[in-house]
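FYI, side chains are in, hydrogens and waters are out, and symmetry mates aren't considered; it's all heavy atoms of this structure. Chain A is the first sequence line, chain B the second, and so forth, proteins listed ahead of strands; every chain is numbered from 1.
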Amino acid sequence: MIREVVRQLIDDAVQRAQEDHALPPVAVPEVTVERPASEAHGDYASSLALKMARAARLSPMAIAGAIATHMAPPPSIAAVDVAAPGFINIRLSPQWLAQQVDVVLEAGPAFASTDVGRGRRVQVEYVSANPTGPLHVGTARGAALGDSLARVLQQAGYEVEREYYVNDAGSRMDAFNASLYARYAEQFGVDIPIPEDGYPGEYLRDVAAAIAATEGRRLLDIPEGEALLELGRRGVEIILAGVRDDLERLNVRFDSWFHEQWLYDHGLVDRALAFLRERGYVVEREGAIWFTSSSLGEDKDNVLVRSNGLPTYFASDVAYHYDKLVRRSYDRAIDVWGADHQGHVPRMRAVVGALEADPSRLVILLYQLVNLVRQGRPIAMGKRTGSYITLREVLDEVGPDAIRFFLLGRSPDAMMDFDLDLAKAQSDVNPVYYVQYAYARIASIMRRAEGTAFASGDVSLLTHGAELALIRKMLALPEVVADAAFALAPHTLPYYAQELATAFHAFYKDCRVISDDLDLTRARLKLVAACQTMLATTLGLIGVRAPEHM
RNA sequence: GCCCCCGUAGCUCAGUGGAGAGAGCAGCGGACUUCUAAUCCGACGGCCAGGGGUUCGAAUCCCUUCGGGGGCGCCA
């Protein structure tokens, strides 16, 4: 990555300047390089001299000058300038830029890769919606965020596992089972009320009907306890199949579906509780069993086992994270949760402490909730209230690409309105089409150029400003990937995608690719092919299609 | 009451200590005998919610006020 080359160059120059006594032997802050806002300031800039000024007791300009004169710039760098009040500005060589087209073509999608992950094992857990009903757009935000984060981390050299945690145990399931039982009975004209805290949504009618279709009324004739369990099991399967289909349509896939019930069946909950107990983090009080999180700096303790003997969701989550961090020992576990789970965060942090794991190994990424809006008015949502617009309906209405691009394109901290009318408008308000159109244009050029072999093209012919601007933008992709992986912030990708598309559209306007000049045609076809790879890679990270036609 | 997130152009939002604060959309003015005009170019548009502080330097960090959202269960 060229940014790293520049950074290293400055780092070396500072050391050399210190050896030459041009700079005093003070501690050097970490060298950072950024892309200046203004093109007049070159391709990269460093404010190192400004940061060093106080300790070195020299003016920033003097320091920057000393660094610049001790630099040994490689051919990739055309100019090193010092600018007030003390910036070091670095400009890339146009010839070198043009040559990068061959480098991109040679590397393919791997050009976008970096190795900041160094093969470390990271698990990303996301969606993990209760299997009590179909997904809605809110969970789709978690899906877009988690899936793209996983893709980015992979591109950045991590070994990534994507996991969906299925909450198929606990009191929510009891409510689900009873609700389904009522709907099943309804199929046969038997009136059983849906529990107060149950799931009155229409969708359970369909689930019940599907079970009734294969089982008839058999489940009404066996003991209720057995029927509840069997119905629940079948119901969860049906719901999960739907969830899987919806996610598949969204281009979201998982490596593993981890069932909460598995933790109970294999004694993991008991084992995790024993682990806490041995270390003195468990007390019994008021008939319940508590995790003494307050001894780990949290404001309160938390119940692990209720006074009625049933473990809480928290207990299995302790076991689940014991499994992630101790048994499966991921270097890092990233939980992607909706902001409505924020109350769960402090106690999970306390759990990591109790597990004697480095706190940085568990990262909890919260995303703010999504309001579904139609014609400017919010639509109330809730699985338990029954009023509900499913992700499937939105997928039918809007299409997966616009959904993903939109849901990923905002910082997880920003709450958002998902406006159905806006989202389905295939117009300028929808940047996903702008980016995809750039790809379709490329595909069109490549089709037209099918008979033209361009492997021998001479990229040094690429000297036009629009060509160089496009190359510059392409070279930024590995930086975007590295930064997104570092900050766990894949929402930068849609922005980058738009910038890359803009650079291409501008090039397309200014530079005719296929022309009478065969040499130039070949060179430009190389550039277009390289851009195609980078654009496809970017769209792939976002999780949307790269269409051949539009 | 306590805790978390947010407040930046008319609208939707980038910008996690650096150079007159950016993009898209809307509105305004231009560009198609051309590989897809779902495109391009230009101008307009800002007390970065208010107030204090830290710093050579603050939209960014700290304190505080106001406004919006979320959370404070032996639910998940």
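- Within 4.0 Å (heavy atoms only), N89(A) reaches at least one base atom of the nucleic acid.
- For the C1' atoms, the distance linking A58(B) with C48(B) amounts to 11 Å, nearest Å.
- E286(A) comes within 4.0 angstrom of a base, heavy atoms only.
- Note on A288(A): a base of the nucleic acid sits closer than 4.0 angstrom, heavy atoms only.
- Note: H259(A) and Y165(A) fail the aromatic proximity criterion, with ring centroids not under 6.0 Å apart.
- Within the 4.5 Å cutoff, side-chain heavy atoms of I364(A) are placed close to those of L362(A).
- A salt bridge between D81(A) and R91(A) is absent, with no side-chain N of the basic residue lying under 4.0 Å from a carboxylate O of the acidic one.
- For Q498(A) against G24(B), no side-chain N or O and base N or O form a donor-acceptor pair under 3.5 Å.
- Y508(A) does not carry R512(A) over the face of its six-membered ring by the limits of under 6.0 Å from the centre and within 45° of the normal.
- OP1 or OP2 of A37(B) has at least one side-chain nitrogen or oxygen of Y508(A) nearer than 4.0 Å.
- Listed nucleotides: G70(B), C74(B), C13(B). Nearest to the side chain of V303(A): C74(B).
- As rounded to the nearest Å, G46(B) and A37(B) have P atoms that lie 35 Å from one another.
- For H505(A), the listed nucleotide lying nearest its side chain is C40(B); candidates were C40(B), G70(B), U16(B).
- The side chain of H344(A) sits closest to A76(B) out of A76(B), C35(B), C40(B).
- Of the listed nucleotides (C13(B), C41(B), U39(B)), C13(B) has the atom at the smallest distance from the side chain of Y495(A).
- Heavy atoms of A440(A) sit under 4.0 angstrom from at least one base atom.
- Among the nucleotides A19(B), C35(B), A76(B), the one closest to the side chain of R347(A) is A76(B).
- In this structure, of A31(B), A76(B), A14(B), it is A31(B) that holds the atom nearest to the side chain of K509(A).
- Phosphate proximity of A38(B) to R441(A): absent, as no side-chain N or O sits under 4.0 Å from OP1 or OP2.
- Not one side-chain nitrogen or oxygen of R306(A) sits closer than 4.0 Å to the OP1 or OP2 atom of G73(B).
- Close to C75(B), at under 4.0 Å from its OP1 or OP2, lies no side-chain N or O of T312(A).
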task = Run the numbers on L310(A) and V305(A) for side chain to side chain contact (heavy atoms under 4.5 Å, CB included), then give the verdict.
result = CA-CA 6 Å; L310(A) 295 176; V305(A) 182; over 6 Å; no
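- Of the side-chain N and O atoms in Y434(A), none sit less than 4.0 angstrom from OP1 or OP2 of A37(B).
- Closest to the side chain of R410(A), out of A19(B), C4(B), U12(B), is U12(B).
- If you check C74(B), A19(B), C75(B) against the side chain of S307(A), the one that comes closest is C74(B).
- If S47(A) and R447(A) are placed on RNA chain B by their nearest nucleotide, the residue sitting closer to the 5' end is S47(A).
- No contact: S515(A) has no heavy atom under 4.0 Å from any strand.
- G30(B) and C35(B): their C1' atoms are spaced 24 Å apart (whole Å).
- Among C72(B), C74(B), A14(B), the nucleotide with an atom closest to any side-chain atom of K300(A) is C72(B).
- For the pair H491(A) and G15(B), the criterion of a side-chain N or O lying under 4.0 Å from OP1 or OP2 is met.
- By the 5.5 angstrom centroid cut-off and the 30-degree plane limit, H41(A) is classified as stacked against the base of A19(B).
- Counting non-hydrogen atoms under 4.0 angstrom, A175(A) reaches nothing in the nucleic acid.
- Here the nucleotide nearest the side chain of D413(A), chosen from G18(B), C41(B), C6(B), is C6(B).
- A salt bridge does not link D317(A) to R347(A): none of the charged nitrogens lies less than 4.0 Å from a carboxylate oxygen.
- Among the atoms of the strands shown, none is found under 4.0 Å from any heavy atom of A489(A).
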